[in-house]
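Chain letters run A, B, ... following the sequence lines, proteins first, then strands; residues in each count from 1.
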Protein chains: 2
Amino acid sequence: MAIAKKVTINDVAHAAGVSVATVSLVLSGKGRISMATGERVNQAIEALGFVRNRQAASLRGAQTGVIGLIVGDLSSPFYAELAAGVIESLESQGKMVFLTQGGRKGEHMLQRFDTLVSQGVDGVVIAGAVDRASELRDKAEDSGVPLVFASRASYLEDVDLIRPDNMQAAQMLTEHLIRRGHQRIAWLGGQSTSLTRAERVGGYCATLLKYGLPFHSEWVVECETSQRQAAEAFSHLLRHNPTITAVVCYNNVVAMGAWLGMLRSGWQSGDESLESYYEQRVALAAFAEVPESALEDAPMSWAITPAREMGQSVAARMLERIDSGKNVVKNQIMPPRLVSTK
Amino acid sequence: MAIAKKVTINDVAHAAGVSVATVSLVLSGKGRISMATGERVNQAIEALGFVRNRQAASLRGAQTGVIGLIVGDLSSPFYAELAAGVIESLESQGKMVFLTQGGRKGEHMLQRFDTLVSQGVDGVVIAGAVDRASELRDKAEDSGVPLVFASRASYLEDVDLIRPDNMQAAQMLTEHLIRRGHQRIAWLGGQSTSLTRAERVGGYCATLLKYGLPFHSEWVVECETSQRQAAEAFSHLLRHNPTITAVVCYNNVVAMGAWLGMLRSGWQSGDESLESYYEQRVALAAFAEVPESALEDAPMSWAITPAREMGQSVAARMLERIDSGKNVVKNQIMPPRLVSTK
DNA sequence: ATGAAAGCGCTAACAG
DNA sequence: CTGTTAGCGCTTTCAT
């Protein structure tokens with residue numbers, strides 16, 4: 001418990017028989033220091049167990065090497081993974097990150113932003129829903145702090161934003177099904193008020209059209225993101241449209257519901273083999289943010305938004321912003337990745 | 001882009017016609033300041049958009065109000081949730097947290113610890129596997145930084161550790177099954193090398209004994225944490241021991257596998273109703289760190305380790321450590337929560 | 001109740 | 001190549 005008295009740059013200088021300035025130079029590897037003194041200083045540092053006080057360092061110098069990251073809520077797997085990517089990248093560049101939570105709906109974003117700024121961060125990344133984005137942007141603007149957004153949908157403008165390419169993902173998925181011989185492809189899930197869904201449904205329709213395939217509005221069914229409801233909607237859809245051979249699901253929960261619905265009806269029909277049943281029956285494809293482990297055994301295709309890589313892009317963008325000092329708005333989209341389970 | 005010149009405490013003092021000392025006092029609410037000047041200062045702060053530079057503040061004063069949190073890897077849902085809990089609590093107490101990743105196996109823990117200390121954190125929380133825990137403890141000891149560990153298993157000694165109560169969880173689960181009339185209860189999953197598993201199996205056995213129920217070592221089956229393997233092991237177990245009426249699963253993946261195995265064989269047997277089939281058949285219980293959404297429809301009992309609450313406890317413990325200054329080692333265990341789906 | 005002044009640990013000119 | 005000397009923005013005695 002003997003709290004060792006903080007050893008400072010002075011102690012090191014003294015021990016090494018040089019001046020503090022020299023130690024500082026050795027620390028930051030800047031000035032041209034002779035091998036000899038450099039060595040001596042390092043030894044002193046080692047011997048005394050000196051740890052440089054970065055607070056003091058950045059009080060004088062410009063940058064703190066700290067980036068603030070505000071994520072809505074860490075318990076969302078997508079944002080957790082995104083955060084992991086951001087942190088990983090930034091740390092590999094010798095930065096540190098302050099992580100704070102801005103609330104599921106972004107309620108606290110502004111307040112957190114202020115706190116981060118008062119901690120002297122070099123930049124702020126915002127991941128998730130934002131309450132008052134334009135206010136934030138203005139604040140950032142006049143405190144001169146680079147601000148980068150990352151989100152699932154593209155509801156922000158005039159900001160540096162990295163987001164998934166929903167339309168391309170939908171195209172990939174639909175095209176994949178078509179290539180595997182499907183002609184009658186339905187859509188399951190999501191609420192019509194969702195922007196993300198709109199983008200995805202857009203890609204789905206466009207691809208059908210492109211291949212000259214039939215599009216029926218009854219084949220695009222809305223449903224809440226709940227397993228039970230998805231299972232019901234799925235069964236209902238197929239019962240009334242038995243010619244459908246493939247379904248694109250809005251997300252992993254819907255996909256899970258569809259699959260369970262299929263298992264259930266397959267079971268009730270008393271067929272011989274489960275696999276043969278559903279494979280003959282309806283092919284499933286779905287969007288997801290992370291691969292759904294529960295469906296690892298299901299024959300399914302996924303359009304995955306690579307959350308971790310997205311985080312890495314965000315980090316890269318942040319670094320770029322920081323050391324270019326420029327403020328050019330780039331709206332960057334992340335390509336999805338197609339994954340087939342079987 | 002006009003980077004507003006940093007407004008400092010001096011500017012505020014000037015604007016308010018008082019001294020910097022006064023402003024400082026108002027800021028920290030310490031000295032006895034007259035209402036009048038307090039008001040005047042606050043107005044100036046507001047008007048100038050002053051944000052206090054905490055780096056400078058903590059350079060002179062003692063604490064920084066920043067806690068370091070090292071988590072193995074954020075993409076693990078359990079630790080993400082735990083981190084969310086820690087951050088949430090700490091932020092509500094006006095603290096901030098530095099979040100860094102120590103590597104899945106704790107490879108970087110030591111290095112990250114140093115970085116955190118150099119940032120002047122008031123304490124460090126370590127969540128996840130640690131490579132060289134005792135080294136860490138020593139480092140913390142002589143830099144005088146409070147250190148609190150949080151993990152799933154209890155492989156650390158002589159440290160401040162918060163962990164789940166695996167044995168009690170196993171007891172709860174087993175007892176729950178017994179109360180529902182089961183007498184022949186098997187165990188599925190986990191590797192015999194796992195400490196966590198050992199603790200859990202211990203609780204399971206103890207409870208069987210306590211109720212005078214039969215224990216067969218063939219009923220305790222090992223298997224990898226993979227859905228497919230669990231499904232196979234489960235089917236195999238039941239085929240050879242048809243009298244078993246309930247199974248305790250090592251984790252959510254195993255539970256999922258067991259359930260799918262059950263669906264599959266139920267389906268093949270051609271029974272009438274899925275629900276009636278498995279309900280008559282084998283009751284499932286499982287450990288989990290977060291409720292498994294994929295199994296929301298399955299009739300299943302869970303022993304949940306409340307990760308978020310665990311995070312809150314960790315935060316509380318940290319705060320306690322910080323302002324007591326004492327270093328009494330407490331090995332605190334979190335009680336599990338029993339949840340039945342149906 | 002408020003002001004003056006002395007640093008916290010470090011960096012950044014500028015001299016040598 | 002290395003030492004001297006000012007501060008960075010804020011807190012904190014100690015006076016007043």
Side-chain angles (χ1 to χ4, degrees), chain A residues 3-42 44-45 48-66 115 117-122 143-144, chain B residues 3-42 44-45 48-66 115 117-122 143-144:
Chain A
I3 296 181
K5 172 121 91 309
K6 282 275 182 205
V7 21
T8 79
I9 200 177
N10 279 292
D11 306 328
V12 176
H14 200 197
V18 296
S19 77
V20 288
T22 309
V23 179
S24 177
L25 290 180
V26 173
L27 249 31
S28 48
K30 278 190 179 169
R32 322 107 298 207
I33 303 284
S34 73
M35 284 292 283
T37 38
E39 193 51 41
R40 207 138 41 82
V41 169
N42 280 319
I45 288 177
L48 277 65
F50 165 76
V51 283
R52 178 210 220 143
N53 180 338
R54 294 205 139 270
Q55 313 233 88
S58 55
L59 183 55
R60 198 67 173 59
Q63 301 197 351
T64 55
V66 177
T115 315
V117 170
S118 86
Q119 292 281 357
V121 296
D122 295 338
S143 53
Chain B
I3 296 181
K5 171 121 89 308
K6 283 274 181 205
V7 20
T8 80
I9 200 177
N10 279 291
D11 306 328
V12 177
H14 199 197
V18 294
S19 77
V20 288
T22 307
V23 179
S24 177
L25 289 181
V26 173
L27 249 30
S28 46
K30 277 188 179 171
R32 323 108 298 211
I33 304 284
S34 72
M35 284 291 285
T37 40
E39 193 50 43
R40 206 138 39 82
V41 170
N42 280 318
I45 289 177
L48 276 68
F50 165 77
V51 282
R52 176 210 221 144
N53 179 338
R54 295 205 140 268
Q55 313 233 86
S58 56
L59 182 56
R60 197 70 176 32
Q63 302 198 349
T64 55
V66 178
T115 315
V117 170
S118 85
Q119 292 281 356
V121 295
D122 295 339
S143 54

Please give, in whole Å, the distance from D/dC8 P to A/Gln55 CD? 18 Å
Within the pair A/Thr22 and D/dG3, is there a side-chain N or O less than 4.0 Å away from OP1 or OP2? yes
Under 4.0 Å between any heavy atoms, over every strand shown, what does B/Thr37 touch: base, sugar-phosphate, or nothing? Just pick one. sugar-phosphate
By nearest-heavy-atom nucleotide on DNA chain D, the more 5' of A/Met35 and A/Val20 is A/Met35
Taking only side-chain nitrogens and oxygens of B/Ser34, does any of them come within less than 4.0 Å of OP1 or OP2 of C/dT2? yes
Taking the side chain as every heavy atom from C-beta outward, state whether B/Thr8 and B/Asn53 have any pair of such atoms under 4.5 Å apart. no
A/Arg60 side chain N/O closer than 4.0 Å to the phosphate oxygens (OP1, OP2) of C/dC8? no
Below 4.5 Å, heavy atoms only, C-beta onward: do B/Ile45 and B/Leu27 meet side chain to side chain? yes
Determine the contact category for A/Val23: base if any of its heavy atoms lies under 4.0 Å from a base atom, sugar-phosphate if only primed atoms, P, OP1 or OP2 are that close, otherwise nothing. nothing
Looking at every strand, decide which applies to B/Arg54 at a 4.0 Å heavy-atom threshold: base, sugar-phosphate, or nothing. nothing
Beyond-backbone contact of A/Leu25 with A/Val41, side-chain heavy atoms, under 4.5 angstrom: no
Rounding to a whole Å, what distance do you find between B/Gln63:CD and D/dT11:P? 14 Å
Do A/Gln55 and B/Thr64 have side-chain N/O donor and acceptor atoms under 3.5 Å apart? no
Less than 4.5 Å apart, side chain to side chain, heavy atoms only: is that true for B/Thr37 and B/Arg40? yes
Distance check needed: D/dC8 P versus A/Gln119 CD, whole Å only. 21 Å
Return whichever of B/Leu59 or B/Gly17 has its heavy-atom-nearest nucleotide of DNA chain C closer to the 5' end. B/Gly17
Between A/Asn10 (CG) and D/dG3 (P), how many Å, whole number? 13 Å
Rounded off to whole Å, could you give me the CG-to-P distance for the A/Leu27 and C/dA12 pair? 12 Å
Distance in angstrom units between B/His14 NE2 and D/dC10 P, rounded: 16 Å
Measure the distance from CD1 on B/Ile9 to C1' on C/dT2 and round it to the nearest whole Å. 14 Å
Would you kindly give the CZ-to-P distance between B/Phe50 and D/dG9, to the nearest whole Å? 10 Å
Looking only at the side chains, is there a donor atom on one of A/Ser118 and A/Thr115 sitting less than 3.5 Å from an acceptor on the other? no
Applying a 4.0 Å non-hydrogen cut-off, can you work out what A/Ala21 is touching in the nucleic acid: base, sugar-phosphate, or nothing? base
What nucleotide among D/dG9, C/dC10, D/dG3 has an atom nearest to a side-chain atom of B/Asn53? D/dG9
Within the structure shown, what part of the strands sits under 4.0 Å from B/Ser24 by heavy-atom distance: base, sugar-phosphate, or nothing? base
Sorted by position of nearest nucleotide on DNA chain D, 5' first, the leading residue of A/Val18 and B/Ala56 is A/Val18
Phosphate OP1/OP2 of C/dG3 contacted by B/Ser19 side-chain N/O (<4.0 Å): yes
